[in-house]
There are 2 protein chains.
Amino acid sequence: MTTHDRAAPEIELGLRDRKKVRVRAALVDAATALFLARGFDAVTVDEIAAAADVSRRTFFRYFPTKEAVVFARRDEQLALFRERLAASGDAAPFDALRGALLALADDYMARRTQILQERALTRAAPTLLAGDLEVDRAFESIIAEHLVAHSRRTAADQRRARMTAAAMVGVVRVALDEWADRDGDVDLARLAQDAIELLTPIVPRFR
Amino acid sequence: MTTHDRAAPEIELGLRDRKKVRVRAALVDAATALFLARGFDAVTVDEIAAAADVSRRTFFRYFPTKEAVVFARRDEQLALFRERLAASGDAAPFDALRGALLALADDYMARRTQILQERALTRAAPTLLAGDLEVDRAFESIIAEHLVAHSRRTAADQRRARMTAAAMVGVVRVALDEWADRDGDVDLARLAQDAIELLTPIVPRFR
DNA sequence: TACGAAACTGGCACTCGGTGTCAACTGGCT
DNA sequence: AGCCAGTTGACACCGAGTGCCAGTTTCGTA
């Protein structure tokens with residue numbers, strides 16, 4: 001029912017769209033390979049385009065910036081998180097949140113090496129660091145939306161919901177950092193669980 | 001004792017250094033005036049340099065990037081915050097934190113129009129937004145350092161200290177956002193106070 | 001199956017942010 | 001006065017991103 005491909009990859013795409021998917025994938029693959037080999041800054045868009053066998057101009061038709069190609073995967077995570085949250089509609093808001101976050105933690109652990117590689121890339125390039133922070137804000141927006149929607153209409157309550165969202169993203173990020181710093185050798189779900197539990201006393205209404 | 005100028009602005013500067021100060025100020029003034037008039041992206045470095053009567057190359061000798069000239073003032077706030085925190089050395093860590101944050105809130109209210117202008121600028125330019133986020137992380141680092149230094153050496157305790165720091169920056173930012181959204185017409189200190197109070201139950205050791 | 005519209009692509013020229021280099025200048029010191 | 005070091009401007013250069021247009025490919029339709 002949605003235009004999202006994940007749920008229904010079987011719909012016949014025309015040749016035109018299949019080509020587009022192929023080109024996009026080729027660009028992502030070429031870029032990540034080059035980035036991992038030589039670092040983000042040392043790779044030019046021309047090289048990426050050449051490696052994917054398209055013109056430089058075409059690269060910028062698929063991605064608005066050089067950074068965007070790095071964050072393509074992260075945007076998918078974001079959309080997935082939003083879906084999961086929306087799916088568990090009538091559960092207690094805080095429980096839904098915990099569920100979605102822990103599911104995310106599982107995803108991360110499953111794609112461990114890839115995640116760690118991406119992080120290593122991000123640390124080395126200041127430009128990418130900025131994008132990383134924006135992802136956090138995006139998560140915060142989703143969570144805040146969710147909490148606000150399930151709060152009373154009081155200004156004070158809504159503010160508190162937004163504060164809770166900000167705090168939650170903060171503690172979860174610290175958990176993620178620790179996991180990454182330990183090369184993914186600890187249980188991220190466990191860390192995330194602890195992080196979320198830490199906030200229990202400040203979550204409005206449930207405890 | 002420190003090399004910081006604030007405490008001792010009376011030391012005689014040679015003609016050379018006085019010039020440098022003047023040029024730097026001229027660049028900041030010219031840049032902010034142009035930015036406010038036409039927005040960050042619509043102003044080129046050439047224009048800023050011309051308005052300040054120096055060459056384009058000289059601009060980049062004073063600031064590493066076009067963004068840096070916007071964040072010059074914010075870096076001062078950051079240093080000030082760090083000093084305040086270090087000053088109140090033997091107070092309870094959480095009290096010291098609250099004190100420094102509330103002092104910061106007072107600063108913001110005192111420079112209300114300037115702060116609001118800067119924020120308006122930042123919102124409009126995606127590049128600047130990234131810088132904004134980095135400032136938050138810098139604050140978080142300072143707070144985390146402070147809390148970690150006053151925590152037990154346990155891994156769990158230190159992690160909790162870092163999580164608390166992240167949460168604190170989060171809730172304070174929400175307070176700041178609300179203040180700015182209301183055009184600075186509410187009491188920021190009060191909002192910040194509430195935000196910090198919200199975290200009391202999760203702060204390690206004190207309650 | 002042929003054809004016209006629409007989408008996609010490549011190439012080119014251009015703007016702007018940022019850097020390396022070097023020659024000319026200016027203030028500081030003896 | 002004169003040397004040294006720091007500062008400056010000019011120029012050339014690179015890479016990211018954008019507007020534009022002409023050529024090609026795919027799609028829907030007659």
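Naming convention: chains lettered A, B, ... in sequence-line order (proteins, then strands); numbering from 1 in each chain.
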To the nearest Å, give me how far apart [atom1] ([X]) and [atom2] ([N]) are.
{"X": "Phe60(B)", "N": "dC11(D)", "atom1": "CZ", "atom2": "P", "result": "17 Å"}
{"X": "Lys66(B)", "N": "dT15(C)", "atom1": "NZ", "atom2": "C1'", "result": "12 Å"}
{"X": "Asp46(A)", "N": "dG17(D)", "atom1": "CG", "atom2": "P", "result": "12 Å"}
{"X": "Glu47(A)", "N": "dC14(D)", "atom1": "CD", "atom2": "C1'", "result": "13 Å"}
{"X": "Arg22(A)", "N": "dT9(C)", "atom1": "CZ", "atom2": "P", "result": "11 Å"}
{"X": "Leu128(A)", "N": "dA16(D)", "atom1": "CG", "atom2": "C1'", "result": "14 Å"}
{"X": "Glu67(A)", "N": "dA16(D)", "atom1": "CD", "atom2": "C1'", "result": "9 Å"}
{"X": "Leu27(B)", "N": "dG9(D)", "atom1": "CG", "atom2": "P", "result": "10 Å"}

Any non-hydrogen side-chain atom of Ile115(B) less than 4.5 Å from a side-chain atom of Arg112(B)?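 They are not in side-chain contact.
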Should the side chain of Arg57(A) and the base of dG19(D) be counted as holding a donor-acceptor pair, with the cut-off at 3.5 Å?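 A donor-acceptor contact between them is present.
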Would you please confirm or rule out a distance under 4.0 Å between OP1 or OP2 of [N] and any side-chain N or O of [X]?
{"X": "Tyr62(B)", "N": "dT8(D)", "value": "yes"}
{"X": "Ser55(B)", "N": "dT8(D)", "value": "no"}
{"X": "Lys20(A)", "N": "dC8(C)", "value": "yes"}

Of all the choices, [options], which nucleotide is nearest to the side chain of [X] once you look at every atom?
{"X": "Arg16(A)", "options": "dG18(C), dA7(C), dG10(C)", "result": "dA7(C)"}
{"X": "Arg61(A)", "options": "dA16(D), dT26(D), dG11(C)", "result": "dG11(C)"}
{"X": "Lys19(B)", "options": "dG10(C), dG17(D), dG27(C)", "result": "dG27(C)"}
{"X": "Thr44(B)", "options": "dG17(C), dC8(C), dT9(C)", "result": "dG17(C)"}

Looking at Arg162(B), Arg159(B), Arg160(B), which one forms a side chain to side chain contact (heavy atoms under 4.5 Å, CB included) with Val148(B)?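 So the option named by the test is Arg162(B).
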Below 30° counts as parallel, above 60° as perpendicular, anything between as tilted: where do the rings of Phe81(B) and Phe139(B) land?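 Aromatic pair Phe81(B)/Phe139(B) classed perpendicular.
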If we check salt bridge (Lys or Arg N to Asp or Glu O under 4.0 Å) with Arg119(B), which of these qualifies: Asp181(B), Asp177(B), Asp183(B), Asp132(B)?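 Result: among Asp181(B), Asp177(B), Asp183(B), Asp132(B), Asp177(B) is the only option passing the salt bridge (Lys or Arg N to Asp or Glu O under 4.0 Å) with Arg119(B).
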For Arg190(B), look at atom CZ and say whether over 12 heavy atoms of other residues, nucleotides or ligands are found less than 6.0 Å away.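 No, CZ of Arg190(B) has 12 or fewer neighbouring heavy atoms, counting only those of other groups under 6.0 Å.
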So which one's nearest nucleotide on DNA chain C is more toward 5', Phe59(A) or Arg56(A)?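 The residue mapped nearer the 5' terminus is Phe59(A).
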Start at the 5' end of DNA chain D and walk down; is the nucleotide closest to Asp53(B) or to Val45(A) reached first?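 Nearest nucleotide further toward 5': that of Asp53(B).
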